[in-house]
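Lettering follows sequence order; numbering is per chain, from 1.
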There are 2 protein chains.
Amino acid sequence: MMIVMHNVLVSMMLIMNNVKSEDFGGGVMRYPAAETAEKHERILNEAARLFREHGFSGVSVSEIMKATGLTHGPFYNHFDSKEALMADSVLHGMQKTLDGLEGTEASAKGKAEYVRRYLSKAHMNAGGGECTMAALASEIRREPQVKGPFTLRLKAIVEAMASHFPWSSKRAARGDSIRALSAMVGALILARAVEDGPFAEEILNEVRKGLV
Amino acid sequence: MMIVMHNVLVSMMLIMNNVKSEDFGGGVMRYPAAETAEKHERILNEAARLFREHGFSGVSVSEIMKATGLTHGPFYNHFDSKEALMADSVLHGMQKTLDGLEGTEASAKGKAEYVRRYLSKAHMNAGGGECTMAALASEIRREPQVKGPFTLRLKAIVEAMASHFPWSSKRAARGDSIRALSAMVGALILARAVEDGPFAEEILNEVRKGLV
DNA sequence: TTTTATACATGATGATTGTCATGCATAACG
DNA sequence: CGTTATGCATGACAATCATCATGTATAAAA
């Protein structure tokens, strides 16, 4: 009885504390559509970054929202589910990779620079700034909703590499691109999993030597 | 008071129910050391398989123990933590890869067959039977305790590839091995993440053509 | 102007999970 | 042979998490 009364009192105190008007809506409004769209974009960016850094299961919805500057509440006003966000994040991240590729100088020099940058120590150590494929590909295979967007953009990336950079021949361009991409992604993944710094760099360097 | 007494009664009933002798030890014994060692090995095998198939965070300790034919209880009689099991599983799985490599015919033909098998549709679709590197490398980088064992065995695998198979020259053997391994792992990871069957096979085929 | 739909903060919920606690029969050890 | 340490099953616990519920002010629609 004592305990029950105590609980009731505590609940009442909590309720009273919560009814300060500034607790609702951040103090104001139904938010303007422009701001809402911007927040949506911010969620996507933070999610993509955090997923790359910690993996899909290493980041909670709350953490993503907090990184965006919101609470966990409005998440479902923006996305249907965590898995839907994962799919959009991958699409978003790989689109950026595609843009970066197409923004590179379309020459042998541009290609060599791109490879060097991809297989650099800096990229290896870039927490959330790295390539979506290297960060998440082995998890994507277990996420049905994500495989579609991933496939879509990977195809575009292969095509962009084949047509944008010079290769030994027109006919070999696509195959060469696939080989280069596989080696680059594989090397980055292995190098990042390795604890031994010099060995990790050896992996990056050897693969780079094979490509430039 | 009423509630407290009720709880005590429920507890007593539960205790009484638990005191059926068949509830303990599966019916018997302090288990013979030989059987215990065998169970330890089974846990390791099931864990390695399940981790490869579902990822580290996709499998619970209980599931692993159940797959081994035990309950979750004795897990901590066998391993210090889930993370310690992850480390041992990776060591175990990569040791098998190493053994398979060294058991392959030490010739150009043996090498070509190994590559073909690695980049086959069957290997791509092999749920838990696949290569530890392709299955878990991108998660290992986020698991401090696992990186050490992984590094150790990856070094051994690179050395085994370089010394076991014929390469263009003695001096190039190590670099060639690293390049081949990176391309194979990268190709398998990308192919598995892709939803489109023909595209996945194209990735495997192009990389294979580059290696044999 | 009136009505409606929505983005937000707070809080709740049910499920999952890594780890620990307990009691016991007996193999291993001295 | 007597003692002890161990591997097991059952159960409990605290934490974490994805998702849902609620109340609100107001932008947007009518």
Practice task
Mind calculating the distance between NE2 (A:His78) and C1' (C:dA9) to the nearest angstrom?
Solution key: 13 Å
Practice task
Scan A:Ser60 against the nucleic acid and name what it touches under 4.0 Å (heavy atoms): base, sugar-phosphate only, or nothing.
Solution key: sugar-phosphate
Handout entry: A:Pro74, nearest nucleotide to its side chain (from C:dG18, D:dG7, C:dC8)
Key = C:dC8
Practice task
Counting heavy atoms from C-beta on, name the nucleotide in D:dG7, D:dA18, C:dT6 closest to the side chain of B:Thr36.
Solution key: D:dG7
Handout entry: NZ/NE/NH1/NH2 to OD/OE distance under 4.0 Å, B:Asp176 and B:Arg179
Key = yes
Problem - Rounded distance (Å) that lies between atom P of C:dA7 and atom CZ of A:Arg42 - result: 15 Å
Practice task
Establish whether the base of D:dG7 is bridged to the side chain of B:His40 by a donor-acceptor pair shorter than 3.5 Å.
Solution key: no
Handout entry: Where at least one partner belongs to residues 60-90 of chain A, residue pairs that pass ring-ring contact (aromatic ring centres under 6.0 Å, His included), sequence neighbours excluded
Key = A:His40-A:His78, A:His40-A:Phe79, A:Phe75-A:Phe79
Practice task
Check the distance between C:dC8's C1' and A:Ile43's CD1 and give it to me in whole angstrom.
Solution key: 11 Å
Exercise for the section: Please determine if B:Arg192 and B:Glu130 form a salt bridge, counting it only when a charged side-chain N lies under 4.0 Å from a carboxylate O. Expected result: yes
Handout entry: A:Thr71 side-chain proximity, nearest of C:dA9, C:dG18, D:dT10
Key = C:dA9
Practice task
Go through C:dG18, C:dT6, D:dT19 for me and flag the one nearest to the A:Asn77 side chain.
Solution key: C:dT6
Exercise for the section: Between A:Ser57 and A:Asp80, name the one whose nearest nucleotide on DNA chain D is closer to the 5' end. Expected result: A:Ser57
Practice task
Check the distance between C:dC20's P and B:His72's NE2 and give it to me in whole angstrom.
Solution key: 12 Å
Fill in the blank from the handout: For A:His123, the ring pair (Phe, Tyr, Trp, His ring centres under 6.0 Å) test, sequence neighbours excluded, returns A:Tyr118
Handout entry: Rounded distance (Å) that lies between atom P of D:dT19 and atom NZ of A:Lys82
Key = 8 Å
Handout entry: A:Lys66 NZ - D:dT16 P separation (whole Å)
Key = 11 Å
Handout entry: Between P of C:dT17 and CD1 of B:Ile64, the distance in whole Å
Key = 11 Å
Practice task
Can you tell me the distance, in whole Å, between the OH atom of A:Tyr76 and the P atom of C:dA9?
Solution key: 16 Å
Problem - N-O pairing of B:Arg42 and B:Glu38 below 4.0 Å - result: yes
